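Heads up, the thing below is written out as structure tokens.
Fair warning: this is a prediction, and the values are worked out from it, not measured in the lab. All chains are named by letter (A, B, ...) in the order of the sequence lines, taking the proteins before the strands, and each is independently numbered beginning at 1.
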Amino acid sequence: AFVPVTPHILSLMPDFPTSTLNLKWSDNGSVFPYGLDVLWQIQILRKEAMEVVTQVTYYSKLTHEDVILSWSWTSDMPLECTSHYVKIRCYINATQFVGPKDWSDWSPSKVIPDTEPGESGVFPLDRVVAVGSDLVFCCVHEEDQHIKNMTYGSKSYTMMQLSRRSHAIRVLNASVSNTSGTNVVCRLENALEGSVVFVGYAPDIPQNLSCETPNFLIIKCTWKPGRPSGLYGERRTKYSLFERTSGKNVSCEVNEVNRDHVCGFPVLPDQKTYDFILGVSNPIGQAQSSLLVDITQRVHPKAPEKLTITGNNSTSIQLRWFINGSFAETRLLCQIEISSSHSETKLGKILPWDVRVGKPQFTWSNFCSMKLVWGDLSHWGSLMRSAFS
Amino acid sequence: MAAAESPSAALRRRDLCSRGIRLAGKMRADVVDLLDAYVEQQGLDASASVAAVEGVPLAAVERWDEQTGTQRLLENLAAYRAFRALLAQMLEEQREQLGEADAGLGRALAAVLLQVSAFAYHLEELLRLESRGIPGEEGDEEEDGPPPPPRLSLFEQKLRGLGVLRELAQWAVRSVRDLRQLAKPSPATGAASGLAESP
């Protein structure tokens, strides 16, 4: 029978933070003069009893050269919990060979030891996972150390023994954790071990993204964040505003608790149209929203300031006030509302007539809507309101 | 035989002691409240036994009766300086982990830190009264301050916080007893005989 040479694993590298095994092996393709289809079986085993956890079939094609093949596997259990073993074998579909064909022997198994001898604790350590995940936590301890129980939050779970120094619990459909995370506690005879897991949501796509400028100096974008992520502090959802035309990126300071979502972006010289992408991310996922806006059509100035009123006679007065901003090429239309003690209100529209550009502050003095209480000149009250058509 | 303390110094000492007793009492009440809030907020088991935490001064002391007044003050001062550093670290970790999520606990922690600092200063006042030099802070001599504490896992941080607050509450009780001891006139002469003598 045609039985291939037993394959050999070149490397087996664990990535503990992601509980992933990375396997590399050579296909010994140079031994065969012509390209052949090959099946590889990869077996993952666990615990001292080397129980088969999974067996996967992998396909490749020989190419007259030795090719290094690689394959990754993510465990449902932290790699620290127990030893993991990997072995492979192959079957070559040598069509030209008419006799019986069979699988090679299994390769010698490669082992990933769990934790260092003497190391103990609960794993995974301080992980962030999505709501609804099924989780496995293990408690690694000394061999002779009696384990009393393992709790997730305030609930005790049935333990599975993985080895003489490792027990595990399985938590299904995890719900969102509180602000300081959910504690996973392992009570041993004379010790307490634990870990914290943060269960939250990936960010929603931001809704109602809109941007406007009060002063042609800064653009203010607001949006509705959607469902809270349930993650705080260094795991909180972070926002950034990217403008495609200029390539400029701004990270936004958002207060996750009182949930006012505003981000400021500088008005750029000689740029009217802004192609914004609002990026949202947290350790569980990311999302984005985009908006194309002509900022000259999105002007919402603040109320005017520093109103001064001078009256040179009893029937005419001069008003002066400031709107902070850079309105160089903008045509401002202002409104005055005048009401006397007989509460008769007249609405007058006044075009700007006193325009001064002061370098470098770019302060403008301009007319805007004023509600004045007409009476004795010495008692002027003013309510400032700005309105633009 | 130590020189007898002047009446004004004795009066000043008793005043500082009684104010210190009130400060320690208030601090203890606030620490107990903070402890309850901390246990709940961190999802801990209030009855969890916490092994002695490295760097946390233990309030329990052997042969408490035999301590001199100066020993009492110096041990108290060293303890509250240690708690000041530990609470500042807890506050920093709290901000890092929770951001604005639980500002209430952060404010309560900051308030207790303030009281601990004030109490440490109060102890220094008592030592100055006795013209005792104020010992330098630990790490003053080292150029770049004390070595950074080992990086703990989040659960270890939570347990350490529990241990710190529990021990601080015990210290507040001990401080009240120590200060009452210091406030007593010396039995032998009937007059206050300074801190060195008074057990």
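Contact between Leu192(A) and Ala48(B) at its shortest, heavy atoms only, is CD2-CB, 4.0 Å.
Shown here is Arg28(B), whose CZ atom has no more than 12 heavy atoms of other residues, nucleotides or ligands within 6.0 Å. In the displayed structure, Tyr121(B) atom OH is contacted under 6.0 Å by at most 12 heavy atoms of other residues, nucleotides or ligands. Counting heavy-atom neighbours within 6.0 Å of Glu143(A) CD, excluding the residue itself, gives a total above 12. Other residues, nucleotides and ligands contribute more than 12 heavy atoms inside 6.0 Å of the CZ atom of Arg19(B). Heavy-atom contacts from other residues, nucleotides or ligands closer than 6.0 Å to CD of Gln286(A) number 12 or fewer. Summarising the local packing, NZ of Lys220(A) is surrounded by 12 or fewer heavy atoms from other residues, nucleotides or ligands at distances under 6.0 Å.
Chain B is approached within less than 4.5 Å, heavy atom to heavy atom, by no residue from residues 202-209 of chain A. Contacts of residues 36-45 of chain B with chain A at a heavy-atom distance below 4.5 Å involve Gln41(B), Gln42(B), Gly43(B), Leu44(B), Asp45(B), listed in sequence order.
At a threshold of 4.5 Å between non-hydrogen side-chain atoms, the residues Leu98(B) and Ser180(A) count as touching.
Heavy-atom distances place both the backbone and the side chain of Thr179(A) under 4.5 Å from chain B.
Interface check for chain B: of the options Ser195(A), Gly194(A), Gly153(A), the most heavy-atom pairs under 4.5 Å are formed by Gly194(A). When each of Gln94(B), Glu96(B), Glu156(B), Gln97(B) is scored by its heavy-atom pairs under 4.5 Å with chain A, the top score falls to Gln97(B).
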